[in-house]
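Numbering of residues begins at 1 and proceeds along the displayed sequence.
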Amino acid sequence: MEKPVKVAIIGAKAFTAGELIRILHNHPRCEITALLARVDEPVSVGDVFGEFRDLGLPAITPLNIDSIPEDVQAAFLCLPHTVAAQMAESLFKKGIRVFDLSADFRYRNHRQYQTVYGVEHPCPELCRKAVYGLPEINAVQLMGAPLVACPGCYPTSVILALAPLMKREMIKVGSIIADCKSGVSGAGRTATEGTHFVMVNENFKAYKVAEHRHQSEIEEQLSLLSHEEQTVTFVPHLVPMDRGILSTVYGKLVEPLSLDAVQSLYRDYYGDSQFVRLLEGDALPETKHVSRSNFCDLAIRIDQRSQRLIVVSAIDNLIKGASGQAVQCMNLSFGMKETLGFFPEA
């Protein structure tokens, strides 16, 4: 039997860390050997995530890179931007493969990152070495990758909705609209006035319209796919539910196409994908159907009058939009089956 991959989770009190613990604890070829977070002294993981009591997991210890065991091979970073980059640089130099859930390495050009996030990049030289961690697009590049930038949750739902047609340059430039709704966990574990229960419950609102940071990430990746500079109208909304993203994405087709023709293109593009499910017939994606899974459900419609493409996309923002996708990337990086940790081994 092959030796397990030794894993550290850094920022181990975050929602995304909790999902990583759940997936990796059941992963047949991984062993969680270190959990680190901003704590003053060691804390039982069961005191932070009650569902993990008495599972034999290591304690959450203060965030000190020198305390990471020497045999750790992979580190997942569940840290704020800039903090993650600083930690990633140190881990990278130690030869540890890094899977960063922050935005620090999602842009090829560090100057774009600086424009969007308003801070100097702590280690811009690493940006070009990072692989954008969307396996359905970059599976080959992820094999053996030492540094992976895990995509944002909104970008994952939108890019997967459009990738097959963007690759063939079949959507008119400037016509894309992404209307997206997210559960509250997408805002992270630290509560703000906008995510307080009494502000979210029985409420539904748009936020950061035309200024959300994920807009530029979506545009960059769609531009790379289509080899044309893309602009996207992106409108995020906050929905009073724990988790999930439903994105309805619109674009004008370059030439008239039937629904059957477009669905055939999507089937070909995602034919080998383990986690993208194309719904046909009358079925449409729902957040409940992907909750706590690494699936992205897609359904396509075409308004024949206007030749406007409509793709509905559903993911769990904490799994396919974050932690699950990170594990999927790790599996590819270490030459393992993408499905390990998600489905029982045959």
| message | Quick one, H214 with F234, criterion ring pair (Phe, Tyr, Trp, His ring centres under 6.0 Å). Give me CA distance, side-chain angles, the key distance, then yes/no. | response | CA-CA 9 Å; H214 282 175; F234 172 56; 7.1 Å; no
| said: I'd like to know if the side chain of Q325 reaches the main chain of L134, judged simply by a donor and an acceptor atom lying under 3.5 Å from each other, with no hydrogens or angles considered. | reply: no
| said: Applying salt bridge (Lys or Arg N to Asp or Glu O under 4.0 Å) as the test, list every pair that has at least one member in residues 154-182; sequence neighbours left out. | reply: D179-K181
| field | L246 and its side chain to side chain contact (heavy atoms under 4.5 Å, CB included) partner, picked from I315, V239, V312 | value | V312
| field | Heavy-atom closest contact (C329 atom, P135 atom, distance) | value | SG-CG, 3.9 Å
| request: Decide yes or no for S185 and D242: does some side-chain heavy atom of the first lie under 4.5 Å from some side-chain heavy atom of the second? | output: no
| Donor-acceptor pair, S323 side chain versus T16 backbone, under 3.5 Å? | yes
| message | Give me each pair satisfying salt bridge (Lys or Arg N to Asp or Glu O under 4.0 Å) with a member in residues 103-117, each pair once, sequence neighbours excluded. | response | R106-E217
| Derivation of the salt bridge (Lys or Arg N to Asp or Glu O under 4.0 Å) call for E211 and K208 | CA-CA 5 Å; E211 61 180 16; K208 294 186 178 178; over 6 Å; no
| Do D100 and S102 have side-chain N/O donor and acceptor atoms under 3.5 Å apart? | yes
| query | Can you name the residues that form a ring-ring contact (aromatic ring centres under 6.0 Å, His included) with F52, not counting sequence neighbours? | reply | F49
| From CA spacing to verdict: side-chain contact (heavy atoms from CB on, under 4.5 Å), L284, R301 | CA-CA 10 Å; L284 289 168; R301 299 290 186 271; 3.6 Å; yes
| message | How about CG on D54, more than 12 heavy atoms from neighbouring residues, nucleotides or ligands closer than 6.0 Å, or not? | response | no
| remark: Residues at least two apart in sequence or cross-chain that pass side-chain hydrogen bond (donor to acceptor under 3.5 Å, both in side chains) with R267, listed by chain then number, are E280
| query | Would a 4.5 Å heavy-atom cut-off, applied to side chains only, mark I32 and L20 as touching? | reply | no
| request: Taking atom types as modelled, find out whether E338 and Q328 have a side-chain donor-acceptor pair closer than 3.5 angstrom. | output: yes
| query | Given side chains that start at C-beta, do those of Y132 and E220 come closer than 4.5 Å, heavy atoms only? | reply | no
| query | Which of parallel (below 30°), tilted (30 to 60°) and perpendicular (above 60°) describes Y270 and Y266? | reply | tilted
| said: Restricting to non-hydrogen atoms, name the atom on L165 and the atom on L253 that form the minimum distance, rounded to 0.1 Å. | reply: CD1-CD2, 4.0 Å
| How about E136 and C296: do any of their side-chain heavy atoms sit closer than 4.5 Å? | no
| said: Within the 4.5 Å heavy-atom criterion, are F105 and V98 side-chain neighbours or not? | reply: no
| Are any non-hydrogen side-chain atoms of I60 and D47 less than 4.5 angstrom apart? | no
| request: Could you tell me whether a side-chain N or O of D316 sits under 3.5 Å from a main-chain N or O of F295, the two making a donor and an acceptor? | output: no
| Candidate list E228, E229, Q230, test side chain to side chain donor-acceptor pair (under 3.5 Å), partner S226, passing option | Q230
| message | Does E70 have more than 12 heavy atoms from other residues, nucleotides or ligands lying within 6.0 Å of its CD? | response | no
| message | The test is side-chain contact (heavy atoms from CB on, under 4.5 Å); show your working for R243 and F15 and say whether it passes. | response | CA-CA 11 Å; R243 60 205 298 154; F15 282 145; over 6 Å; no
| remark: Exactly one candidate in K320, K288, R277 meets salt bridge (charged side-chain N to carboxylate O under 4.0 Å, His left out) with D297; the answer is R277
| So do the side chains of L91 and I68 get within less than 4.5 Å of each other, counting heavy atoms only? | yes
| said: Between S182 and L238 (side chain of the first, backbone of the second, donor and acceptor by atom type, cut-off under 3.5 Å), is there such a pair? | reply: no
| field | Option passing side chain to side chain contact (heavy atoms under 4.5 Å, CB included) with I137 (candidates I159, L142, L224) | value | I159
| Has the side chain of S175 got a donor or acceptor atom that lies under 3.5 Å from a matching backbone atom of K252? | yes
| task | Over all heavy atoms of both residues, which pair between L298 and P285 is shortest? Give the atoms and the distance, please. | result | C-CG, 3.9 Å
| message | Quick check: closest heavy atoms across A145 and V148, and the distance to 0.1 Å? | response | CB-CG2, 3.9 Å
| query | Do Y250 and T233 have side-chain N/O donor and acceptor atoms under 3.5 Å apart? | reply | no
| request: Name all residues meeting the salt bridge (charged side-chain N to carboxylate O under 4.0 Å, His left out) criterion together with R97; count only those two or more places apart in sequence or in a different chain, and write none if there are none. | output: none
| task | Could you tell me whether the side chain of Q307 and the main chain of L257 form a donor-acceptor pair under 3.5 Å? | result | yes
| Considering only heavy atoms from C-beta outward, does the side chain of D260 approach that of S264 to under 4.5 Å? | no
| task | Anything under 30° is parallel, anything over 60° is perpendicular, the rest tilted; go ahead and classify F334 against F99. | result | tilted
| field | Short side-chain to backbone donor-acceptor contact, S247 and V249, under 3.5 Å | value | no
| request: For the residue pair H237 and F204, categorise the inter-ring angle as parallel (less than 30°), tilted (30 to 60°) or perpendicular (more than 60°). | output: tilted
| remark: Residues at least two apart in sequence or cross-chain that pass side-chain hydrogen bond (donor to acceptor under 3.5 Å, both in side chains) with D71, listed by chain then number, are K6
| said: If you count heavy atoms of other groups shown closer than 6.0 angstrom to CD of E51, is the number above 12? | reply: yes
| note | Distance col, row L77:CG vs Q86:CD, nearest 0.5 angstrom, shows 11.5 Å
